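See below for the structure under consideration.
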There are 2 protein chains.
Amino acid sequence: MKIGELAQVAQCTVETVRYYEKEGLLSAPARTRANHRSYGECHVERLRFIRNCRALDMTHAEIHTLLGLMDQSAADCGGVNQLLDEHIAHVDVRMAELSQLKQQLSELRQRCQSEQTMDACGILQGLASMETGPRHERQTHLG
Amino acid sequence: MKIGELAQVAQCTVETVRYYEKEGLLSAPARTRANHRSYGECHVERLRFIRNCRALDMTHAEIHTLLGLMDQSAADCGGVNQLLDEHIAHVDVRMAELSQLKQQLSELRQRCQSEQTMDACGILQGLASMETGPRHERQTHLG
DNA sequence: GTTGACCCTATAGGAACTTTAGGGTGTGCA
DNA sequence: TGCACACCCTAAAGTTCCTATAGGGTCAAC
């Protein structure tokens, strides 16, 4: 099958498929005489796997690791389990961060209930006077 | 004051200050004879404001809008309130997304409790067989 | 006169793509 | 035969919010 068909069955764009090939997540397929990429069933499976990982917000690095672990088929799946646990921990951290953010934003929003003049607006006053410490390092790759 | 001092009081780096100037968030200050940037109190206030907005994960576009609303001082602060409400909505959306993600990941993790062979690993089986729809457009700028 | 802390500009990198520019291929229809 | 049109190709730039690097200038103290 050609790239457009592959992209369609894997629910992504043609550009994304080519990008994954360049990144080494998807192996380069055979070409037709016209130099068009020609894919088989194993490519479909691999791409579906990658898209599922991405749907779970794994990074390319994580996916790369996972694919590597799978391909050395002798080993047990302890590494897979560990990677997933770490990824779940990332999600937990980000959820906690957002929860705190929501709290701060809600408190700020409380400070202006009606349409004041700019000078009287409690939100702007809050934004001007907040004391945030130095920006903390990002704990996870989840934005 | 010079850029290093400004950066210090606003808890950010010198590079970030120069970057904000290039982005139009912070106005270009006067220069000394040696071509060094020379800032006043109003720059300190503006930069503190920007850093507080960033601490709340607002984008540069949002901050730009907010600064614009503030500078046309005649208007009321309805626009400010609205922007904040929308930003809070972004955070809510992202929290809901992450919550669903956590759920999926936890279910996946359940599928392999011990160190299996690769073929038997329920996590890998799950990742291969999940059916995710087309990747939804990102609803928020919060990763 | 030279060390060191600070300042300057311009450019590249990172993540995971998307978009654009500028072309080639293959099939159906008049 | 000619041509429109959907599809394919590569390479490079743009997105966001910075951070890091290269290669240099300024100023005070010792």
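No experiment lies behind these values; they were computed from the predicted model shown. So you know, we letter chains A, B, ... as the sequences are listed, proteins then strands, and number each from 1.
- Rounding to whole angstrom units, CG of residue L47(B) and P of dC18(D) are separated by 11 Å.
- Between the NZ atom of K2(B) and the C1' atom of dC8(C) there is a distance of 12 Å, rounded to whole Å.
- Residue R51(A) has its side chain nearest to dC17(C) when only dC7(C), dC18(D), dC17(C) are considered.
- Q100(B) places no side-chain N or O within donor-acceptor distance of the main-chain N or O of E97(B), the cut-off being under 3.5 Å.
- Across the protein-nucleic acid pair, N35(A) atom CG and dG24(C) atom P stand 13 Å apart, rounded to whole Å.
- Between I123(B) and V80(A), the closest heavy-atom pair is CG2-CG1, 3.8 Å.
- We find that CG of L6(A) is positioned 10 Å from P of dC8(D), with the value rounded to whole Å.
- Checked against dC18(D), dT26(D), dC8(C), the side chain of I3(B) finds its nearest nucleotide in dC8(C).
- A straight line from CD1 of I63(A) to P of dC17(C) spans 8 Å, rounded to a whole angstrom.
- Interatomic distance, CG of L105(B) versus CG of L56(A), reported as 5.0 Å (0.5 Å rounding).
- Atom CG in L142(A) sits about 14 Å away from atom P in dA15(C), given to the nearest Å.
- Within residues 13-27 of chain A, the residues approached by DNA chain C to less than 4.0 Å at the level of any non-hydrogen atom are T13(A), E15(A), T16(A), Y19(A), Y20(A), in residue-number order.
- A donor-acceptor pair under 3.5 Å is formed between the side chain of N52(B) and the backbone N or O of M130(A).
- I50(A) has its CD1 atom 14 Å from the C1' atom of dC17(C), to the nearest Å.
- Rounding to the nearest 0.5 Å places CG of L67(B) at 5.5 Å from CD1 of I50(B).
- Residue-to-nucleotide proximity on DNA chain D shows that, of T59(B) and R33(B), the 5′-proximal contact is made by T59(B).
- The neighbour count for H64(A) NE2, taken as heavy atoms of other residues, nucleotides or ligands under 6.0 Å away, does not exceed 12.
- Checking the phosphate oxygens (OP1, OP2) of dT9(C), a side-chain nitrogen or oxygen of R31(B) falls inside 4.0 Å.
- Note: CE (M1(B)) to P (dC7(C)) measures 12 Å, nearest angstrom.
- With hydrogens and angles left out, the side-chain atoms of R46(A) and Y39(A) include no donor and acceptor closer than 3.5 Å.
- Side-chain N/O atoms of H36(A) include none lying less than 4.0 angstrom from OP1 or OP2 on dG24(C).
- Relative to the side chain of R37(A), the nucleotides dT26(D), dC8(D), dC9(D) differ in distance, and dC9(D) lies closest.
- In terms of position on DNA chain C, the residue among A34(A) and G4(B) whose nearest nucleotide sits closer to the 5' end is G4(B).
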